[in-house]
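These numbers were taken from a predicted model, which means no experiment stands behind them. For the numbers below, each heavy atom of this structure counts, side chains included, while hydrogens, waters and symmetry mates do not. Letters A, B, ... are given to chains in the order of the sequence lines, protein chains preceding strands, and every chain is numbered from 1.
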Amino acid sequence: MAVCIAVIAKENYPLYIRSVPTENELKFHYTVHTSLDVVDEKISAMGKALVDQRELYLGLLYPTEDYKVYLCHSFGQAIVGYGYVTNSKVKFVMVVDSSNTALRDNEIRSMFRKLHNSYTDIMCNPFYNPGDRIHSRAFDTMVNSMMMQVC
Amino acid sequence: MEQGPAGGSGPAAAAGAGGLLLPLSETEQQRYSELFSRCCPPPEAAAGGSSVGELFRASQLPPDTLHQITTTKILSSTLLLPYTEPHCDLGLAGEGVDEAFYRQLKYPHDHKPSPPSSATLVSSGKIAQLGTQSRRVLQNTGDEFLIQITEVCGAKRVGYFGPAQFYIALKLIAAAQSGFPVRIESIKNELPLPRFMALKNDTEVRYGTPAEFHGVKFQVPHATLEKNSYKRTDEGDKQEPKSPPMSPICSPPASPSTYQRTPLSYGYGKARSGLEQQHGGRIVLQKFRVASKGLNPPGLVKAMWRRQAAGLKNKCKAVLMEEAAPYEVRHSTHQQDGPSSGNYGAKSALTCATPNRGSFDVVQNWCSAFGSWEIEECESGFLRFPMPFWWPPCGWCQCPSLQSLSVEREQQDSGTQYSDDPWRITEEQRDYYINQFRSLQPDLNAFISGSVAKNFFTKSKLPILELSHIWELSDVDCDGALTLAEFCAAFHLVVARKNGYQLPETLPETLLPEYLQAACLKPMRDCALFDSYSEPLPSSQQSRDLSRTEKSSAEEVPDNSALLQDGKKDDKQALKVSTALKTIPKEFQHLTVKAVAQEHNALRARPRSRSYSSTSIEDAMKKGEEPPTPPPRPQKSHSRASSLDLNKIFQQNTQAVRSGWLPPPPPALPPRPSVSQTEQPSEVELHPQMNRPPSQAEENSSAKKEVALAQPPSKPARRKLRTEAQGLETPELSPTINVTSSLPAAKPHLPVQKQSSKQKRTIQTAIRKNKEANAVLARLNSELQQQLKEVHKERIALETQLEQLRPVTVL
């Protein structure tokens, strides 16, 4: 139930952001934005580890309880954010709705892997300049599938 | 009817009335009068609006121009005839038969006369019928020209076409065809005679003087076709929304004079005749319909069609059939497909004798008209080829008319081999693409890198976004490089886009690399593949059903743009081996291609799975598994053993040598063996070192090498030993022996000095090699230790499990 998927560049500007269209779409964007801080924090914490060992998958970004409470208040549902950073410091942030079924960690990881795959496909396109917004239709399709399948 | 004098007086009258001299040359007068007579049924001296309308339409001008012409204010009311129709439009400015006829033309389904508004006079449907056109030239919709012309020449105002109006209209048509604006002034220019396409399916087949076909590029048949289809579907949505199609020429017409009667001698050999035929058929169809409504009983029309179709390409027939609405006729033509299936060129098809001479001529003319399509050069500078490919009208891809077209296609029996599908690469295109590929990359089996391709395609001046999308579509394996097939697909998409076709969302099947590669390989296979790929359109034909059942399992159904006609499939089947044979290879091909496609996907997936190694536990496991790979190394113990054997051999040799060389004095023995031992270990080390590097590759040969290598070192070793032994001997030996050995000791002094440097070098290399070997061994040791630990753990775990499972024995 990914409600929002965002690809953030190294410089922390969005390359791609897509949400399930709801009235609270802006809220999702805000969530993504605030999650960037958490991502940076995690990255810096891992900075000392060997590059080989560093996990690309950052896992749950928000403490679940707090967020749940907060969001229950405003949304009536809990949304949690997950983060993933690539070796080139491109971040994928996914906001999921965990109210219905709790998505397992592996599923989240597989979703990120698919995102990463699609992102590398975009990179392979010589007409794509890194740092541009992503307009790839294949990427869109993949993201849509991810968002709809879980909903 | 001799209209000469009338023709002469007409202009004069017009001139008098309008105060404008209408200069008509001799030829013009003749021509005009002739045309006028055609349009005028004998009793009247003024051309019925309908016939005039037809004529004008045949001039292939966009209707608005024609409209202008006819409504020009020059024409006064002094014209001629007792037409008192209140309606001004061309469509109704006839009376009696003409009117009814015309109205029927205009509104085929409209059975009651109703006064159409003047604006709809030259409704697109009408125009379509006889082939107006050339939006490309004049950038107008078809209707407008005729409307303009009618306006300008004053017939609209007057309500009918008198000779004066008629002649003026003709002049305006000529002007418009020559590219002049539809204005009164333009008729003053020296104009060639106006050109008209085949007007009617009746007798007169002499049309527009050929000479005038030079200047203007007309998308004649296309517009015709569009309009025809427009009319046919009667939905009004068939107008080509995109840029007009390109003409399919491979070679420009030799001369327009060949246009009229010569059966398609030029430019047709390679022409994608199917479509033309189709369109020719359509046009013929229109005529027939017209004729049929007024004149012929439907049965006769059908018969005419049938005969007509016999000489035409399949598609054409199918179109005819569809038009005729007697679908049962289609089946008959179906059967006729077989014999005529061999005809690809319109030429050959049309030159099939048909009993219906008149219709044949008409069709011939139409098709020759198609042949006069000129090469449409690509807009972009870089694709500066007289690209001999053509695009079907009404882009198949995302044109709203696709629905109707697909319907039409359904009913067509076998289309041409190449055809209407813009996403199918023709042979010339393929060759062109291959040449371009070669210019970028001489090896056809190699890749074009992303940057090279980027530079190349950027020259096409398409926006980067579109180029990016094209790349995305064509680079199937997403490796950032283009193979030949991918390059062809990309190039094809670029060209398509340049010609106005919208890019599809997904890659059409005909552009898939597997398909293209297969197509490159064998044309036969191509057909089979093609069949298996064709879209599952509903069809009553068996072959289609067969392929459809295959295709129902097709992986990806491209969007409408990728429709490959069933007709084509059938055509191929008819052409090539029997259907039974084909189905088998079809399925096979289908499966193989699918398999290939899956393989490709798998290939895609595989590198990917390898790329993320740190995100999952499995990856950690993989890493853990890596250390075990060295286990083959311990087999070197055998090699070591062999080296040990060799060492033993060497020891024996050396001992033998030593014994051979000198009698070993007992006190001197200990140092010697020690020396020999130090030598031996070095040799031992040498051997394993030599063993280990080559062991992975070749062990036997390395063993031999070791022996060979060992021997030279052993020789100096032997010598060393000998000399050292001698050296050692000398001081240890009693002076008594000294005397005896001094002599022999003296001799080897010199060689000892020479050999000492060698010894040093060898010792140093040996030391280095030993160190390396040590390092390797240490690493190996650590790995093995880890493995041992793990195995121990596992063993312990298993043992505990066993203990738990075993029933407790109570003593």
Side-chain angles (χ1 to χ4, degrees), chain A residues 15-16 42-43 46 49-60 82-88 90-92 94 104-145, chain B residues 440 447-460 462-482 486-487 490 493-494 502-507 556 559 601 604-620 622-623 626:
Chain A
L15 296 175
Y16 181 89
K42 293 210 179 212
I43 290 176
M46 296 162 70
L50 291 174
V51 179
D52 296 338
Q53 317 285 338
R54 185 169 67 168
E55 272 268 312
L56 300 180
Y57 176 67
L58 300 175
L60 190 59
Y82 288 91
Y84 182 99
V85 67
T86 69
N87 284 331
S88 54
V90 172
K91 306 163 190 77
F92 300 113
M94 188 182 335
R104 290 185 319 179
D105 201 47
N106 277 339
E107 289 174 16
I108 304 283
R109 282 177 193 263
S110 68
M111 286 161 81
F112 274 128
R113 204 169 301 129
K114 278 199 282 183
L115 273 173
H116 199 165
N117 273 336
S118 301
Y119 181 73
T120 50
D121 288 347
I122 291 172
M123 281 292 136
C124 286
N125 189 333
F127 297 101
Y128 174 77
N129 302 313
D132 291 350
R133 298 213 60 147
I134 294 175
H135 294 285
S136 155
R137 293 183 210 184
F139 194 79
D140 285 345
T141 327
M142 192 271 309
V143 166
N144 282 335
S145 72
Chain B
L440 296 174
F447 295 95
I448 289 186
S449 74
S451 48
V452 171
K454 177 179 178 177
N455 294 335
F456 181 75
F457 286 118
T458 311
K459 290 189 226 160
S460 72
L462 284 178
I464 295 286
L465 197 59
E466 297 190 10
L467 287 173
S468 172
H469 183 57
I470 287 174
W471 177 279
E472 215 179 282
L473 286 176
S474 59
D475 189 9
V476 174
D477 49 4
C478 288
D479 56 357
L482 295 179
E486 291 173 342
F487 177 82
L493 287 168
V494 167
Q502 287 298 322
L503 294 175
E505 289 296 324
T506 55
L507 194 64
E556 172 188 332
D559 53 354
N601 295 336
R604 267 194 66 185
R606 256 184 268 135
R608 295 293 151 68
S609 59
R610 266 185 252 137
S611 64
Y612 316 126
S613 55
S614 57
T615 52
S616 66
I617 306 169
E618 304 98 55
D619 298 323
K622 279 184 202 163
K623 278 185 187 166
E626 278 171 7

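Rounded to the nearest 0.5 Å, atoms CD (B:Glu505) and CG (A:Asp140) are 9.5 Å apart. Note that the CG atom of B:Asp479 and the OG1 atom of A:Thr120 stand 11.5 Å from one another [nearest 0.5 Å].
With a 4.5 Å cut-off on non-hydrogen atoms, B:Leu467 touches chain A through its backbone and its side chain both.
In this structure, A:Pro126 and B:Ser451 approach most closely via the heavy-atom pair CB-N, 4.4 Å.
The salt bridge (charged side-chain N to carboxylate O under 4.0 Å, His left out) test applied to A:Asp132 returns no partner, not counting sequence neighbours. Partners of A:Tyr128 by ring-ring contact (aromatic ring centres under 6.0 Å, His included), not counting sequence neighbours: none found.
B:Glu472 places no side-chain N or O within donor-acceptor distance of the main-chain N or O of A:Asn125, the cut-off being under 3.5 Å.
By the 30° and 60° cut-offs, the orientation of the rings of A:Phe127 relative to B:Trp471 is perpendicular.
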